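Okay, so here's the structure we're looking at.
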Amino acid sequence: MTSAPCKVTRSLEIRAAPGKVWRYFASQDGLRRWISPDLDIDLRVGGRFRFLGPDAKTWVSGTVLDMVPEGWLILSWMEEGQGWQHPARLTLALEATGAGTRASMTFDGFAGVGRADWPDLVADYERGSDQHNTLQALARLAEAE
Amino acid sequence: MRTGRADTLFKVLADPTRRRMLDLLAGKGSLNVGQLAAAFPDLVASGISKHLMGLRAAGLVKADRDGRQRIYSLNAKAVTGTLQPWLSKYERYAEAALERLRKAAEEDEADT
């Protein structure tokens, strides 16, 4: 598969309405069922969260950046003790489909985690113009090979 | 260890001088030390060498011999070799988490 090197996206179809699926976004207990059983989260915009991350060794912590019921939950995402200067970002999104709901999980902003100018980089992402992103430039070279 | 290589990569990228070197190499394709040094008049030769060593250690830059001098260029394999394996843990995590979400939500649906 081909994808941008600093972005990870996965999605799948759920045979349940967005309102039903959102119940697993709307509380700490709901999120613990699928994000991580040891998740602690203050579930409001600006609230903090922390849990043992994807590799089961590294703690991940961050802040709730945005939350829209039955729409999305966006978290900043920082691996602790890994030399990150700035967080990446995780977007959990729901979309109604004919048969139910499409749920997606997108990690992005990884190219900025070691960088001191991360806010500029995010602005670049949002403008859709990340030509100054060195890793993207490297990736284009890799794909051209 | 692969995770360690990615951490090195992020730390190397944290430095503005090294990022400018990478940007220059991305723009020009390849440069020798003299050409790189000309872009950084404030840096002594040993400073240039130190940054180039850091970039090479992280696998971001490769050096090819051309007669008596080294020609530096970007190493595109840094992404596929270092970053992609590191990102794959996130891919696996996203797949597993979504599967748990689907199972929980669809079980509810079956109960009602």
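Keep in mind it's a predicted model, so treat the numbers as computed, not measured. In what follows, chains are A, B, ... by sequence order, proteins preceding strands, each numbered from 1.
- The residue among B/Glu106, B/Glu95, B/Arg100 with the most heavy atom pairs within less than 4.5 Å of chain A is B/Glu106.
- Nearest heavy-atom pair across A/Ile35 and B/Tyr93 is O-OH, 2.8 Å.
- A continuous path of hydrophobic side-chain contacts links B/Leu98 to A/Phe25 [ILVMFWY only; heavy atoms under 4.5 Å].
- Cluster annotation: B/Val33 is connected to B/Leu31 through the hydrophobic network of ILVMFWY side chains, with a link wherever side-chain heavy atoms come within less than 4.5 Å.
- One hydrophobic cluster, built from ILVMFWY side chains closer than 4.5 Å, holds both A/Val64 and A/Trp34.
- Placement of A/Leu39 and A/Trp77 within a single hydrophobic cluster is found when ILVMFWY residues are connected by side-chain heavy-atom separations under 4.5 Å, directly or transitively.
- For a residue to count as touching a neighbouring chain, one of its non-hydrogen atoms must lie under 4.5 Å from one of that chain's; by this rule A/Ser11 touches chain B with the backbone only.
- Nearest heavy atoms, A/Phe107 versus B/Ala94: CE1-CB, 4.3 Å.
- For the residue pair A/Ile14 and B/Ala105, the shortest heavy atom distance occurs at CG2-CB, 3.9 Å.
- Side chain of B/Tyr90 to main chain of A/Thr106: no donor-acceptor pair is present (N/O by atom type, distance under 3.5 Å, no hydrogens or angles).
- With respect to A/Arg10 and B/Glu99, no salt bridge is recorded, no charged nitrogen being found less than 4.0 Å from a carboxylate O.
- One distance of note links OH of A/Tyr24 with CZ of B/Arg102; it measures 13.0 Å at 0.5 Å rounding.
- Under a hydrophobic clustering in which Ile, Leu, Val, Met, Phe, Trp and Tyr are joined whenever their side-chain heavy atoms come within less than 4.5 Å, directly or via other members, A/Phe51 and A/Leu90 fall into the same cluster.
- Here CG of B/Leu101 is found 9.0 Å from CG of A/Leu92. Values are rounded to the nearest 0.5 Å.
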